[in-house]
There are 2 protein chains.
Amino acid sequence: MFLRITTAPLSLPNSLNDFGMTSSSNPIVSLNEFTYKKGTEIYGEKESAEYVYQVKTGAVRSYKLLSDGRRQIGAFHLVGDIFGLENGASHRFTAEAIVETTVRLIRRQSLETVADSDVMVAKNLLCMTTNNLQHAEDHMLLLGRKTSLERVAAFLLEMDKRIAASAVMALPMSRRDIADYLGLTLETVSRALSRLHELGVIGFLGNTQRQIVLLDRQQLATIDLQD
Amino acid sequence: MFLRITTAPLSLPNSLNDFGMTSSSNPIVSLNEFTYKKGTEIYGEKESAEYVYQVKTGAVRSYKLLSDGRRQIGAFHLVGDIFGLENGASHRFTAEAIVETTVRLIRRQSLETVADSDVMVAKNLLCMTTNNLQHAEDHMLLLGRKTSLERVAAFLLEMDKRIAASAVMALPMSRRDIADYLGLTLETVSRALSRLHELGVIGFLGNTQRQIVLLDRQQLATIDLQD
DNA sequence: CGGAGTGTTGATAAGAGTCAATACTAGTGG
DNA sequence: CCACTAGTATTGACTCTTATCAACACTCCG
């Protein structure tokens with residue numbers, strides 16, 4: 001197997017805090033780390049949801065498949081993001097590591113137990129679910145009504161908000177991943193990026209095609225029509 | 001104004017129960033009814049969310065608009081459905097009555113107050129939000145990856161589950177509404193329905209085009225590829 | 001260096017959109 | 001009650017965006 005198991009330090013970093021747990025409210029929640037190689041599955045659709053995950057390093061894609069192989073990526077999970085949070089017992093997406101990825105694991109059951117008594121934790125669960133819902137709602141508008149250029153512009157702006165360490169954005173995902181996120185083909189994504197390049201809105205850095213510089217955020221925002 | 005205001009009977013019907021409230025847990029939550037005429041707005045996007053709603057009779061569409069008028073309907077709310085539940089302070093959709101519609105109103109604040117103390121209510125809020133999330137996730141797959149025929153088939157099956165009083169389904173919404181829900185044009189929806197009619201999968205009842213009979217659910221499910 | 005994986009670009013096809021004509025339905029008022 | 005009208009639905013002809021198929025280029029590894 002490709003898994004490397006390590007025990008987390010006892011001084012909690014920030015994952016439990018993200019659920020609104022204070023050090024006093026819950027002393028011991030199983031907290032481990034796993035590392036997944038590029039392209040490996042973290043969990044499958046309809047598998048029982050035993051853990052909730054937080055990305056420590058790397059990037060993850062969550063997707064659904066139709067029976068003939070068509071794929072729709074519902075979300076990308078980047079460093080710090082929590083994913084795999086389901087209310088029912090089973091996962092509604094398949095999650096895969098896009099690149100080598102280390103995640104923190106929280107047992108779902110321990111989380112639920114705490115939520116039963118701690119209203120603060122319960123509220124945070126609701127808040128996180130609501131954020132996911134809001135993202136899905138915005139994405140429905142993109143998938144249902146935006147043109148290919150608008151979709152790619154929206155994608156770049158979203159990633160800029162979430163990744164941009166500096167002016168340059170290092171995308172972990174391939175053109176195919178972007179296409180399956182935006183409901184397009186990889187060729188259409190490539191053409192849209194070329195077009196934005198011609199227009200002087202974005203630039204490519206170095207010799208890789210995944211390092212993108214946003215030269216004109218203003219114009220990108222104009223291309224991506226807002227609601 | 002088009003509003004008719006009535007006070008609800010003191011014996012709670014089922015709306016508060018839907019939030020997990022027992023008669024003992026909370027005696028008084030403001031509970032009123034409003035009636036909206038066909039086509040009128042119940043609330044607008046970005047308006048502050050003062051109430052949560054439950055459809056008593058009628059039907060509601062929730063949608064987002066792009067600046068140039070393109071519309072994406074995120075959900076239809078039918079009898080019994082609760083909508084307008086936002087975590088943030090403001091609505092993320094515009095809600096309109098599709099036909100004359102009566103709703104029950106619950107003050108958002110009173111709901112929040114109860115949720116702070118009553119874990120049961122908080123859990124029900126989470127559960128409802130999760131159901132909305134699940135619907136949005138499934139709809140992303142439809143919008144991103146399904147063909148027009150698959151979308152219309154999926155729509156009919158969804159409505160069949162939710163409306164079908166008998167074998168016949170009386171759709172409250174127009175072809176345009178269906179189109180904006182499925183990310184298509186009304187012409188494409190009409191053609192898909194005609195095609196399903198030719199194929200003997202559905203039938204039209206009486207002299208209206210909105211009464212549809214599902215003649216072959218099996219084949220409909222085959223057309224709508226599942227994940 | 002070689003080969004697999006990834007990305008770009010071009011030619012063509014197909015599905016859905018647009019525009020337009022017509023039919024059907026429901027609501028209005030004489 | 002019927003005729004008129006506005007709104008809604010269907011269908012056809014044509015266009016356009018995006019998908020598909022294919023060739024080629026680049027990059028990252030071993």
Side-chain angles (χ1 to χ4, degrees), chain A residues 37-39 61 66 68-72 98-100 142-153 155-156 170-198 202-212 223 225, chain B residues 37-39 61 66 68-72 96 98-100 142-153 155-156 170-199 202-212 223 225:
Chain A
K37 281 228 182 77
K38 177 178 170 176
R61 57 181 169 243
L66 292 176
D68 64 355
R70 278 173 285 173
R71 184 177 70 157
Q72 179 63 45
I98 295 174
V99 292
E100 173 137 328
L142 179 148
L143 293 171
R145 286 295 175 228
K146 290 188 182 178
T147 68
S148 61
L149 202 64
E150 287 165 356
R151 293 181 202 206
V152 172
F155 170 76
L156 290 173
L171 299 175
M173 69 289 282
S174 69
R175 298 291 188 260
R176 170 165 292 283
D177 287 336
I178 298 172
D180 285 349
Y181 179 61
L182 300 179
L184 300 169
T185 60
L186 62 91
E187 293 94 332
T188 300
V189 170
S190 183
R191 277 184 247 269
L193 288 171
S194 298
R195 183 110 171 275
L196 291 174
H197 188 218
E198 284 168 23
I202 64 172
F204 293 94
L205 207 70
N207 44 13
T208 168
Q209 297 103 322
R210 294 197 191 175
Q211 309 237 105
I212 294 181
I223 290 168
L225 290 186
Chain B
K37 281 228 181 77
K38 176 178 171 177
R61 58 182 169 241
L66 292 176
D68 64 355
R70 279 174 284 172
R71 183 178 71 158
Q72 179 63 44
E96 277 177 5
I98 295 174
V99 294
E100 172 136 330
L142 179 147
L143 293 171
R145 287 295 176 230
K146 291 189 181 178
T147 67
S148 60
L149 202 65
E150 288 165 355
R151 294 180 201 207
V152 172
F155 171 76
L156 290 172
L171 298 176
M173 70 289 283
S174 69
R175 299 291 188 259
R176 171 165 292 283
D177 286 338
I178 299 172
D180 285 349
Y181 179 59
L182 299 178
L184 300 169
T185 59
L186 62 92
E187 291 95 332
T188 300
V189 170
S190 183
R191 278 185 248 269
L193 287 171
S194 298
R195 182 111 170 275
L196 292 173
H197 188 218
E198 285 168 21
L199 291 169
I202 63 173
F204 294 93
L205 206 71
N207 45 11
T208 168
Q209 296 105 321
R210 296 196 190 175
Q211 309 237 104
I212 294 181
I223 290 168
L225 290 185

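Only a predicted model underlies this, so the values are computations on that prediction, with no experimental measurement involved. A, B, ... follow the sequence lines: proteins, then strands. Residue 1 opens every chain.
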For B:Arg175 and B:Leu186, indicate whether the former's side chain and the latter's backbone hold a donor-acceptor pair under 3.5 Å.
no
inquiry  = Determine whether a donor-acceptor pair (N or O, by modelled atom type, separation under 3.5 Å) exists between the side chain of A:Gln72 and the backbone of A:Tyr181.
reply    = yes
Going 5' to 3' through nucleotides 17-29 of chain D and flagging B where a protein heavy-atom sits under 4.0 Å of the base, S where only the sugar-phosphate is that close, and - otherwise, we get -SSBB-----SS-
Atom CZ of B:Phe204 and atom P of D:dA9 are separated, to the nearest Å, by 11 Å
(message) Measure CG/B:Leu193 against P/D:dA9 and give the value in whole Å, please.
(response)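 Spelled out: CG on B:Leu193 to P on D:dA9 is 10 Å.
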(request) Check B:Arg71 against A:Arg145 and note the closest heavy-atom contact, atom names and distance. (result)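 Here B:Arg71 and A:Arg145 meet closest at O-NE, 2.9 Å.
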Scanning both residues in full, the closest heavy-atom pair of B:Ala153 with B:Ile223 reads CB-CG2, 3.8 Å
Of all nucleotides in DNA chain C with an atom under 4.0 Å from a non-hydrogen atom of chain A, which is the first and which the last going 5' to 3'?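 Contact boundaries, 5' end first: C:dT6 to C:dA11.
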Query raised in the report: So, are A:Asp180 and A:Arg70 salt-bridged, with charged N and O less than 4.0 Å apart?
Result: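 A salt bridge is absent here (no side-chain N lies under 4.0 Å from a carboxylate O).
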- Message: Between B:Arg61 and B:Glu96 (salt bridge meaning N to carboxylate O under 4.0 Å), is one present in this structure?
- Response: yes
Five-pair end axes of the helix from C:dC1-D:dG30 to C:dG30-D:dC1 and the angle they enclose, rounded to 10°: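 End axes: 40° apart.
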Rounded to the nearest 0.5 angstrom, the CZ-CG distance for A:Phe155 and A:Leu171 is 5.0 Å
Here the gap from A:Met173 atom CE to A:Ile178 atom CD1, rounded to the nearest 0.5 Å, amounts to 6.0 Å
Hey, does A:Arg210 reach any base, or is it just sugar-phosphate, or nothing, if we go heavy atoms under 4.0 Å?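 Answer is sugar-phosphate: A:Arg210 comes under 4.0 Å of backbone atoms only.
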